[in-house]
Amino acid sequence: MPARLILTLTALLALTACSYDFERSSEILDRRILAIQVDPPELAGGAPAPDSVQARALVVDPSDPLAVTEVRWWSCLRPPRAADGVGTAENTRCPEGEGTTLLASSSAALDAVSLNVPLPPELAGFLATGSDLPSPQIHVQLEIDSERGPLVSVKQVTVTGKLPEGQEPNRNPALQKLTLDGADWLPDAPRTLKYGECPDEKKKEVEAEDGSLVRVCEHDIEPLFDEAESQFYEARGFSGEKELERERLRFAWFTDAGSFRRGTTLQFDERDPSPDNVGPKAFWREPPTRTERATLWVVFRDGRGGTAWERREVLFE
């Protein structure tokens, strides 16, 4: 695995660990910003620059999924990347004061948090030149009110003055479908399950609220995607030299009821000898006590700034 990918994944895990105060980041207990997507995720020189990029956020709240709250969007230009390569800059908050622009401040429903982010004029001029000099990066910052204080998330729009020959600008990934226990699981068709009914070999122990252990059913969820859609790009490998790499999707799993055996999974790569290289399938365990429904989300990233997500529901009989 290239060193750049290892460092990127490590940084993401560290950011997750520092941003939230709960035992398992995959279990949604209150309002959270799970991801921000910008489209396109990369702006490249040599082609007409768009006037804006579309930003949207995955904001969830199990206690009030349709809540309306105060939302603020900011943007700023950050210095050029110190390291040569795609997606190596960190998603850091915009500094207070000059250089940071408040784009919008308004009320919005949690399922409709989005904004067209205008492109700074000086950046449009830089892209028009097609220069191979390091370019400043756009950071889009979202702030949302919650009972425990403002929630903040930052997303970088990668800016590349000149792409290597034959390399296309990055685009957001997409799934073909999700399956639950081997059957297609459609976005607008909640899957009905009989709580606690499964073969004994599919039952796993989980901890109940009183600390006791109970056995619940475990279900497998598999994201299916077209590997031919994974883009190739140049990046520096272990040797320090530029190498041709291919995107490898990372999956972060979340639920408001039940739990996951692992909160993150990774697209299988035959070159990766690590024990975590077991593929993207996730294993979701029913809650220790019966509920009416459970909502599950998966956020998937390509490691270069491309981000997307899917949402599914389970109903219990």
Side-chain angles (χ1 to χ4, degrees), residues 12-13 16-35 58-67 110 146-148 151 175 177-224 250-266 268 274-300 309-317:
L12 286 172
L13 293 175
T16 301
C18 295
S19 299
Y20 306 108
D21 182 21
F22 43 76
E23 292 186 5
R24 296 190 181 98
S25 61
S26 61
E27 297 178 15
I28 306 299
L29 305 177
D30 50 17
R31 186 169 298 177
R32 299 257 306 270
I33 304 173
L34 298 186
L58 176 58
V59 186
V60 300
D61 188 337
S63 64
D64 193 358
L66 302 180
L110 297 186
S146 77
E147 290 184 355
R148 56 192 176 95
L151 305 178
L175 292 185
K177 61 182 178 180
L178 284 173
T179 65
L180 176 64
D181 294 332
D184 290 356
W185 196 7
L186 302 179
D188 300 319
R191 179 66 59 82
T192 300
L193 300 175
K194 291 186 177 181
Y195 179 79
E197 292 193 13
C198 62
D200 284 344
E201 62 269 19
K202 295 283 287 183
K203 291 192 173 182
K204 307 295 179 182
E205 283 190 342
V206 299
E207 186 175 339
E209 289 187 6
D210 62 4
S212 62
L213 295 179
V214 297
R215 288 171 60 81
V216 300
C217 294
E218 182 179 72
H219 305 271
D220 61 84
I221 306 172
E222 186 167 13
L224 300 178
R250 297 154 176 79
F251 300 84
W253 302 89
F254 304 93
T255 183
D256 63 2
S259 60
F260 284 97
R261 187 193 302 179
R262 296 170 60 103
T264 59
T265 59
L266 189 63
F268 180 77
S274 72
D276 294 333
N277 185 32
V278 294
K281 184 182 291 188
F283 297 90
W284 173 71
R285 296 169 179 178
E286 295 177 358
T289 57
R290 184 185 178 278
T291 60
E292 290 186 0
R293 66 173 61 225
T295 305
L296 297 88
W297 300 266
V298 57
V299 177
F300 42 103
W309 54 78
E310 294 283 345
R311 175 185 180 275
R312 295 293 189 272
E313 279 191 317
V314 165
L315 303 180
F316 289 113
E317 290 184 341

In Å and rounded to the nearest 0.5 Å, what is the [atom1] to [atom2] distance from [X] to [Y]?
X	Y	atom1	atom2	result
Thr289	Tyr195	OG1	OH	6.0 Å
Thr179	Leu186	OG1	CG	11.0 Å
Ile33	Leu110	CD1	CG	10.0 Å
Glu292	Leu315	CD	CG	9.0 Å
Arg262	Lys281	CZ	NZ	14.0 Å

ask   = Do the side chains of Glu310 and Leu175 get nearer than 4.5 Å, heavy atoms only?
value =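 They are in side-chain contact.
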
message = Quick one, Ser26 and Trp284 - any side-chain contact, counting heavy atoms below 4.5 Å?
response =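 Result no, sub-4.5 Å side-chain heavy-atom pair not found.
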
What pair of heavy atoms forms the shortest contact from [X] to [Y], and how long is it?
X	Y	answer
Thr265	Pro280	OG1-O, 2.8 Å
Thr291	Ala257	OG1-CB, 4.3 Å
Glu27	Ser259	OE2-CB, 3.3 Å
Pro288	Val216	CA-CG1, 4.0 Å

key: Full working for side-chain contact (heavy atoms from CB on, under 4.5 Å) between Thr264 and Arg250   = CA-CA 7 Å; Thr264 59; Arg250 297 154 176 79; over 6 Å; no

message = Determine whether Trp309 and Leu34 satisfy the following criterion, side-chain contact (heavy atoms from CB on, under 4.5 Å), listing intermediate values before the conclusion.
response = CA-CA 9 Å; Trp309 54 78; Leu34 298 186; over 6 Å; no

Return all side-chain donor-acceptor pairs below 3.5 angstrom for residues 197-204, not counting sequence neighbours, or 'none' if the list is empty.
from, atom 1, to, atom 2, distance (Å)
Lys202, NZ, Glu218, O, 3.4
Lys203, NZ, Gly196, O, 3.3

message = Is the terminal nitrogen or CZ of Arg290 (NZ for Lys, CZ for Arg) located under 6.0 angstrom from the six-membered ring centre of Phe316 and within 45° of that ring's axis?
response = no

key: Glu317 atom CD, neighbour heavy-atom count above 12 within 6.0 Å   = yes

query = Going through the checks in order, is the side-chain contact (heavy atoms from CB on, under 4.5 Å) test met by Phe254 and Val60?
reply = CA-CA 10 Å; Phe254 304 93; Val60 300; over 6 Å; no

task = Sort out for me which residue in Arg148, Arg32, Arg31 forms a salt bridge (Lys or Arg N to Asp or Glu O under 4.0 Å) with Asp61.
result = Arg31

task = Ignoring hydrogens and angles, tell me if any N or O in the side chain of Asp181 forms a donor-acceptor pair with the backbone of Asp220 under 3.5 Å.
result = yes

Listing, residues 293-300 side-chain donor-acceptor contacts under 3.5 Å, not counting sequence neighbours, or none:
from, atom 1, to, atom 2, distance (Å)
Arg293, NH1, Glu313, OE1, 3.1
Arg293, NH1, Glu313, OE2, 2.8

note = Residues at least two apart in sequence or cross-chain that pass side chain to side chain donor-acceptor pair (under 3.5 Å) with Asp184, listed by chain then number, are Lys177

ask   = Does the side chain of Ser274 come under 3.5 Å of the side chain of Asp276 through a donor N or O and an acceptor N or O?
value =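 No donor-acceptor contact under 3.5 Å links the two side chains.
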
key: Steps toward side-chain contact (heavy atoms from CB on, under 4.5 Å) verdict (Leu178, Arg312)   = CA-CA 9 Å; Leu178 284 173; Arg312 295 293 189 272; 3.8 Å; yes

